[in-house]
Amino acid sequence: MADYLPQNASSTKAMEVMQDEFGGDIANTRVMLKDVDIQEALAVKEEIAAIDGVAEVMWLDDVIDLTIPIEMADQDTVESYYIDGNALFTFYVEKGKEVAVTDQIYEVIGPDNAMAGEAVDAAVAQKMTGKETLNATLILMPILIIILILSTRSWLEPLFYLIAIGIAVLINLGTHIFIGEISFISQAVAPILQLAVSLDYAIFLMHSFDDYRRQLEDPVEAMKKAMKHSFSAIIACASTTFLGFLALTFMDFEIGADLGLSLVKGILLSFLSVMVFLPAFTLMFYRFLDKTQHRQFIPNRFQIGHFVMKTRVPVLLIVFMIVIPAFLAQSNTNFMYGMGDMPENTRSGRDTIAIEEAFGKYTPMVLLVEKGDLAKEEALVAELQDLNEVKSVVSYTNTVGIVIPPEYLDDTIVDQFLSDHYSRIILNTTTDSEGEEAFALVEKVQAITANYYDDFHAVGESITLYDMKEVVEKDNTLVNALTIITMAIVLLVIYRSFSLPVVLLLVIQTAVWINLSVPYFTDDPLVYIGYLIVSIVQLAATIDYAILFSDDYMNNRKGMTAKEAIQKTINEKTFSIAVPASILTSVGVILAWTSSNPIISAIGLLLGRGTVLAFILVVFLLPALLVLFDRLIAKTTLNAKFYEGK
């Protein structure tokens with residue numbers, strides 16, 4: 001995830017400086033050996049260091065002289081690496097080699113010892129993403145087919161939908177080759193989201209084709225009229241979804257651009273497939289649709305309009321009471337900015353717990369300060385050591401001492417701490433990698449260091465996550481504003497109305513706020529990237545339901561009163577909205593259920609719950625608002641031509 005931080009982020013610059021000056025990176029992996037003596041630990045250290053892709057293996061022999069009894073050394077330093085016969089190594093695993101390297105290390109250490117860290121989590125995520133995406137797809141497909149069979153009149157019609165959108169998904173996956181690389185989050189989420197979100201377009205077209213087939217004998221004419229009739233609804237849905245996903249590409253935190261670009265391409269390809277490929281494909285094989293007809297298993301009209309109208313006042317009151325608390329709560333949720341902890345049912349999760357039980361929490365932090373003034377460095381190190389959250393500090397001044405000039409020492413010792421321009425100080429902290437305590441420590445360390453040095457750099461997972469927090473919180477404001485503004489403009493152009501876009505966006509945004517407020521009230525931490533993505537994806541995907549509903553209402557309103565028009569719309573369109581909503585809900589639930597990756601799981605859970613909320617509010621809240629603001633909509637809509645009778 002750190003790779004997606006902007007180049008001007010302080011942690012990104014600091015990492016570049018450390019690589020240039022010291023030719024290495026901060027440790028991202030820990031290995032714990034159980035019940036070993038010092039010689040056995042040193043032998044295993046050499047085996048790990050010999051693995052291609054492993055660099056800067058650090059242990060006790062790098063910080064104290066092992067020819068002197070360890071009982072005489074500083075015990076805080078010793079216990080950071082060796083305690084009760086357990087040895088803890090820290091080292092760096094090169095990016096891109098996580099899977100191969102961790103597999104080799106597991107062979108070296110065997111099943112009884114433990115390994116944890118960012119590189120291990122990355123390896124697990126890379127291994128599991130492909131497998132879990134396949135599992136999610138295998139579970140999802142039968143569910144989609146069942147939903148589509150229940151909502152159509154042909155056994156083969158669902159296959160037509162899946163072929164049309166499936167082709168667009170495959171082409172989209174193929175176009176990633178022109179980008180060069182894609183995050184595993186986008187690889188796991190984007191294809192399934194594209195399928196779920198754009199399946200609506202095929203449903204709209206084929207339902208319209210089915211209606212015209214009953215009126216016209218010529219299938220070609222029926223398809224022409226179906227394409228013309230459904231085009232406005234499809235282009236409206238595709239445009240708002242397209243622009244919502246496009247807003248993600250404006251994030252400074254580039255995971256948004258990675259996922260946004262994938263989804264934007266997907267929506268465009270799905271639209272083209274539905275409007276170009278699906279009509280031609282259907283006209284070639286419509287006879288098979290005719291031969292495989294079955295009765296409608298679920299009626300496509302529900303007589304619930306009268307009931308919904310009777311409940312409109314209580315619905316308005318309930319929503320009014322909860323919308324402000326929901327808005328405030330969703331912005332005050334306890335967020336996580338990294339990947340979160342791996343589940344305990346994985347080896348990585350169990351190993352992390354085992355290492356923390358033996359050595360406590362461990363989050364390394366590296367400071368790069370101006371080289372030269374060893375007395376000033378010694379004073380800084382002493383002040384840092386006094387911090388409660390710092391277990392030990394490793395530097396030239398407290399490892400070698402300030403009385404021995406660097407030129408009298410072996411280069412292998414000096415190069416660990418001194419470069420041409422900087423002196424390196426390693427802090428072993430006891431905080432989590434993120435959270436209030438960790439971020440407070442980052443600010444504290446930076447403030448203390450700034451008292452001694454004008455030019456310094458800080459590197460570490462907690463520092464990276466601190467930067468990530470700063471970046472994505474700014475992104476949230478920008479992306480949400482862009483999404484709402486662009487969608488409002490599209491709806492304004494489509495409906496030529498000033499008030500209707502506000503009503504539609506208010507309904508869906510209310511569903512988003514309620515959805516994202518749940519973690520606050522349940523006191524569950526939420527992965528911020530999941531929060532940010534879903535706040536856009538839910539809005540972009542479920543606005544389609546409001547568009548389909550209001551489009552029908554506006555047509556009905558030209559020939560009947562507001563209450564009659566809304567009741568007719570509810571009766572006729574609830575089923576049409578329920579089908580895509582059930583599909584998107586299924587996608588969310590399955591992603592949450594099958595994924596061990598905290599980000600993907602969070603996206604799935606939020607998406608599934610958010611879709612249900614959006615469906616409920618479109619069916620109950622939107623009709624109440626349309627009736628309430630009927631006169632305002634009539635006055636602020638160009639050529640509304642609303643029926644004036646009683």
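Scope of the values below: all heavy atoms of this structure, side chains included, with no hydrogens, waters or symmetry mates. None of these values were measured; they are calculated from a predicted model. Count residues from 1 along the sequence.
The shortest side-chain heavy-atom distance between Ile426 and Val393 does not fall under the 4.5 Å cut-off. Side-chain contact between Leu441 and Ser462 is absent, with no heavy-atom pair separated by less than 4.5 Å. For the pair Leu173 and Gln187, the minimum side-chain heavy-atom distance is below 4.5 Å. Residues Met115 and Thr29 form a side-chain contact, since some pair of their non-hydrogen atoms from C-beta on lies under 4.5 Å apart. Under the 4.5 Å side-chain criterion, counting only non-hydrogen atoms from C-beta, Leu606 is in contact with Leu526. In this structure the side chain of Ser423 never reaches within 4.5 angstrom of the side chain of Leu368, judged on heavy atoms. Looking at Tyr81 and Met58, their side chains come closer than 4.5 Å, going by heavy atoms from C-beta outward. Using a 4.5 Å heavy-atom cutoff, the side chains of Val445 and Leu387 are in contact.
A salt bridge links Asp62 to Lys45: one of the charged nitrogens lies within less than 4.0 Å of a carboxylate oxygen. Salt bridge annotation for Glu389-Lys444: present, with a cationic side-chain nitrogen under 4.0 angstrom from a carboxylate oxygen. Salt-bridge annotation for Glu443 and Lys469: absent, with no side-chain N of the basic residue lying under 4.0 Å from a carboxylate O of the acidic one.
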(message) As a quick check of understanding, evaluate side chain to side chain contact (heavy atoms under 4.5 Å, CB included) for Glu461 and Glu434, giving each step before the final call.
(response) CA-CA 8 Å; Glu461 186 180 0; Glu434 61 178 308; over 6 Å; no
(request) Go through the steps for Asp420 and Lys371 under the test salt bridge (Lys or Arg N to Asp or Glu O under 4.0 Å), then give the verdict. (result) CA-CA 8 Å; Asp420 291 339; Lys371 175 185 173 183; 5.4 Å; no
(request) Could you check Ser392 against Asn428 for side-chain hydrogen bond (donor to acceptor under 3.5 Å, both in side chains), going step by step and ending with a plain yes or no? (result) CA-CA 5 Å; Ser392 63; Asn428 295 317; 2.8 Å; yes
(request) Go through the steps to decide whether Ile192 and Leu140 satisfy the test side chain to side chain contact (heavy atoms under 4.5 Å, CB included), and finish with yes or no. (result) CA-CA 9 Å; Ile192 297 177; Leu140 180 63; 3.8 Å; yes
(message) What verdict does the salt bridge (Lys or Arg N to Asp or Glu O under 4.0 Å) test give for Lys34 and Glu40, after you've listed the backbone C-alpha separation in whole Å, the side-chain angles of each residue and the deciding distance to 0.1 Å?
(response) CA-CA 11 Å; Lys34 300 176 183 177; Glu40 290 171 331; over 6 Å; no
(request) Test Asp432 against Thr363 for side-chain hydrogen bond (donor to acceptor under 3.5 Å, both in side chains), laying out the working first. (result) CA-CA 7 Å; Asp432 288 321; Thr363 304; over 6 Å; no
Which side-chain N or O atoms in residues 251-263 pair as donor and acceptor under 3.5 Å with protein atoms at least two apart or in another chain?
from	atom 1	to	atom 2	distance (Å)
Asp258	OD1	Ser183	N	3.3
Asp258	OD1	Ser183	OG	3.2
Asp258	OD1	Ser186	OG	2.4
Asp258	OD2	Ser183	N	3.2

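In terms of heavy-atom proximity, Ser601 sits nearest to Ala592 at OG-O, 3.4 Å. Taking both residues in full, the closest heavy atoms of Ala196 and Val587 are given as CB-CG2, 3.4 Å, listed atom of the first, atom of the second, then distance. Here the closest heavy-atom approach between residue Asn515 and residue Gly610 is recorded as ND2-CA, 3.4 Å. For the residue pair Thr594 and Ala136, the shortest heavy atom distance occurs at OG1-CB, 3.6 Å. The shortest non-hydrogen separation linking Ser395 to Glu377 is CB-OE2, 3.8 Å.
Sorted by first and then second residue, the pairs that involve residues 31-70 and meet ring pair (Phe, Tyr, Trp, His ring centres under 6.0 Å), not counting sequence neighbours, are Trp59-Tyr82, Trp59-Phe89. Among pairs with a residue in residues 93-114, those fulfilling salt bridge (Lys or Arg N to Asp or Glu O under 4.0 Å) read Asp3-Lys95, Asp52-Lys97, Glu94-Lys97, Asp103-Lys127, at least two apart in sequence or across chains.
Distance alone, capped at 3.5 Å, is enough to place a donor-acceptor pair between the Gln75 side chain and the Ile70 backbone.
The structure places CD of Gln330 at 7.5 Å from CH2 of Trp513, a figure rounded to the nearest 0.5 Å. In this structure, the separation between CG on Leu138 and CD1 on Ile590 is 10.5 Å, given to the nearest 0.5 Å. To the nearest 0.5 angstrom, Ile182 atom CD1 is 8.5 Å from Thr175 atom OG1. Here the CG-CG distance, from Leu88 to Leu60, works out to 11.0 Å after rounding to the nearest 0.5 Å. Distance CD1/Ile603 to CD/Gln538: 13.0 Å, rounded to 0.5 Å. Of the inter-residue distances, the one linking Thr397 atom OG1 with Ile425 atom CD1 reads 6.5 Å to the nearest 0.5 angstrom.
No donor-acceptor contact under 3.5 angstrom links the side chains of Ser80 and Lys391, judged on distance only. A donor atom on one side chain and an acceptor atom on the other are found under 3.5 Å apart for Ser419 and Glu21. In this structure, a donor-acceptor pair under 3.5 Å is absent between the side chains of His421 and Glu370. A donor atom on one side chain and an acceptor atom on the other are found under 3.5 Å apart for Asp121 and Ser348.
Scanning for ring pair (Phe, Tyr, Trp, His ring centres under 6.0 Å) contacts around Tyr453 gives an empty result, with sequence neighbours left out. With sequence neighbours left out, the ring pair (Phe, Tyr, Trp, His ring centres under 6.0 Å) criterion links Tyr466 to Phe439. Residues satisfying the ring pair (Phe, Tyr, Trp, His ring centres under 6.0 Å) criterion with Tyr422, sequence neighbours excluded, are His457.
Annotation for Glu16: atom CD counts as buried by contact number, over 12 foreign heavy atoms lying within 6.0 Å. The local environment of CG in Asp523 is sparse, with at most 12 non-hydrogen atoms from other residues, nucleotides or ligands closer than 6.0 Å.
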